[in-house]
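Step one of this worksheet: look at the structure below.
First the proteins, then the strands, lettered A, B, ... as listed; each starts at 1. In this text the structure is predicted, and so the values were computed from the model without any measurement.
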Amino acid sequence: MAEPTLVVEDLRTWFHTRAGIVKAVDGVSFSVAPGRIMGLVGESGSGKSVTGFSIMGLIDPPGRVVSGRILFGGRDLATLADDEMRHIRGRRVAMIFQDPMMTLNPVLRIDTQMIEAVQAHERVGREEARRRARDALGQVGIPSPEERLSAYPHQFSGGMRQRVAIAIALLNRVELIIADEPTTALDVTIQGQILFEMQRLARETGTALVWITHDLSVVASLADEVCVMYAGRIVERGGVDDVLDRPAHPYTAGLIGSVPSRNQRGRPLQQIPGVMPSLLALPTGCSFRPRCAYADGACTEDPPLHDFAGGRQARCAHPLSGATP
Amino acid sequence: MSVFIIRRLMQSGAVLVVMSLIVFFGVYAIGDPIEIFISPEADQIERERAKVALGLDRPVWAQYFAFVEAALGGDLGRSFVFNIPSMTLILQRMPATLELALSALALGIVVGLPLGMYAGYRPNSIGAKAIMAGSILGFSLPTFWVGLMLIMIFAVDLGWLPSTGRGETATWFGMTSSVFTVDGLRHLAMPALNLALFKISLIIRLARAGMRENMLMDYVRFARAKGLPMRRVVMVHVFKNIMIPVVTVVGLELGSTIAFAVVTESIFAWPGMGKLIIDSIQRLDRPVIVAYLCIIVLMFVIINLVVDILYSVLDPRVRLSEARN
Ligand SMILES: Nc1ncnc2c1ncn2[C@@H]1O[C@H](COP(=O)(O)OP(=O)(O)O)[C@@H](O)[C@H]1O
Ligand SMILES: [Mg+2]
């Protein structure tokens, strides 16, 4: 397999709030190879967005990346100065946000917002930058891109706005795109189109994708690998078919059980009991312990990392039997 | 849009009617103008003759209807004191007041906007705290006291600036103003600053609040994710959004600045409408008072209209919904 585009090692991003230290990301490791799609799943509040923003260098006080490495293009992004990081953002790594209604500046025209993204990194004339912007809009399936360039964001529907955001991410031929729940706010048919296009994009251009979502069915249809996040940690990772067909971690199994399409008709949906604990008051040992049917005394210790066939890993004292080591 | 303008005009008409009623009967209740400006030695016959000449011998409601009738024909009456049309009198004084008010607003923007934006960008810096403390002073110190202090310091103690009058004026492209001469500027400096103090504080607060609010928006994070330099994010993306409330409020403030220039004009003997109205009130020169208030109401109406139009120019979202209607 090719050299990974991105390697995250033991990343910790903490928020130093008045109420205490919120360990939003606490020892996360994963990697993505060129042309591959890595799904990052977990309930809301599990630290997925913070992981994405940490890679982008967009964590603002009171938050801070306190330790870990973010290896990209032979460098550790966690150690880069602001100015160096700025040249990587948008030029080599792009990010797409969850809410397309909020990500574009309401008072600037689309062309302004696209041209500046080109000119921030390259000395190109306005005309050339505008031409690239138009091509990018066409690439993401926006009809009559030339006219749409001079429109304002509110003149687009949510789905179209998200396409504009994706087009902006495509402007500079980035090597890595972090997509933070980009289809959550969209309806299902548009979500399907966008997923399909992103998959094609990754295959054709060799762009690596980190796809953040809370929706397992999205991961199932899109991703190559998956990392399951819970309370700031990755509890299971591996190939998407391995993990979804034979989950090793009870939390993963619980997530799968609560997806409607995976259940048989007429049978009640299984839900994971309880809610994710506050990050300020995590239980000792395994954070999932209070909600887990398999928990016992062993779970009060930090759970061991189990390796399974196919490079799969799960952090659990009692991995489920389906996944044999 | 036109429905909106018509509704506005009708509201203003109602305000004009109510205002003229209050002023007319108010002045009537306060005292007899004849007593104030006729010489104490004048005998009864002379008094009666003056009363008849000014129409003051008739019952007050008859006087009011006579006034309304003339006003509908565009005649707001003659000043009792100067015996020239009160409108002419006011229009003569208007340029001086406009010049003072506009200078004060310009000063408010030029000083207040950068300070407020800085205070919002670095809210915890010492500079920001100093600026905010200063703005509290600007809000709470009474205008007349600050005016007197300015005169004490810059005119009396230091002798740098003249304390009264408008100074030399010059004509430029058909506009006669003291901002075109050095002497005029020296005269304008203190009154303009005095009148601007409140505006500066107000704009500081507006700009700071806008800055803080906008910096947390997703579009700012997205702009940073594109790799834009912080300078561009603040000076283009955030600035344009801050300008919407600032222009609206500054525009609406223009009316009250003109109306409340009265205090500053009195302190610095600035020959504007404010000084004229104070003098006229003391002499119960009713036609001048009524005409002045009519003009002020008209000015508010026009200013509000212009602000609404400006607002839609600045905010593309408003523009579109107008077009749809
Ligand atoms: N600016 C912040 N200050 C304090 N806590 C924060 C901040 N941003 C995020 N967090 C915390 O980090 C945790 C993870 O958030 P996030 O990454 O947004 O979750 P999600 O998985 O839904 O994307 C949340 O519990 C949140 O409370
Ligand atoms: Mg999120």
Problem set entry | Contacting moiety of A/Met56, where chain B heavy atoms sit under 4.5 Å | side chain
Seminar exercise, completed: So, the part of A/Ala165 with a heavy atom under 4.5 Å from chain B: the answer is both
Quick one: which residues of [range] reach chain B at under 4.5 angstrom, heavy atoms only?
{"range": "residues 106-117 of chain A", "result": "A/Pro106, A/Val107, A/Leu108, A/Thr112, A/Gln113, A/Glu116, A/Ala117"}
{"range": "residues 135-148 of chain A", "result": "none"}
{"range": "residues 82-89 of chain A", "result": "A/Arg86, A/Arg89"}

Exercise. Quick one: does A/Asn105's side chain have a donor or acceptor within less than 3.5 Å of a partner on B/His237's backbone?
Worked result: yes
Exercise. Is any residue of residues 227-234 of chain B within less than 4.5 Å of chain A by heavy atoms, and which ones?
Worked result: B/Gly227, B/Leu228, B/Pro229, B/Arg232
Problem set entry | Atom CD1 of B/Ile126: over 12 foreign heavy atoms under 6.0 Å | no
Problem set entry | Largest heavy-atom contact set with chain A, pairs under 4.5 Å, which of B/Arg224, B/Met243, B/Lys240 | B/Arg224
Problem set entry | cation_pi(B/Arg221, A/Phe97) dist<6.0 Å, angle<=45 | no
Problem set entry | Closest-packed option against chain B by number of heavy-atom pairs under 4.5 Å, given A/Asn172, A/Asp99, A/Leu104, A/Asp60 | A/Asp60
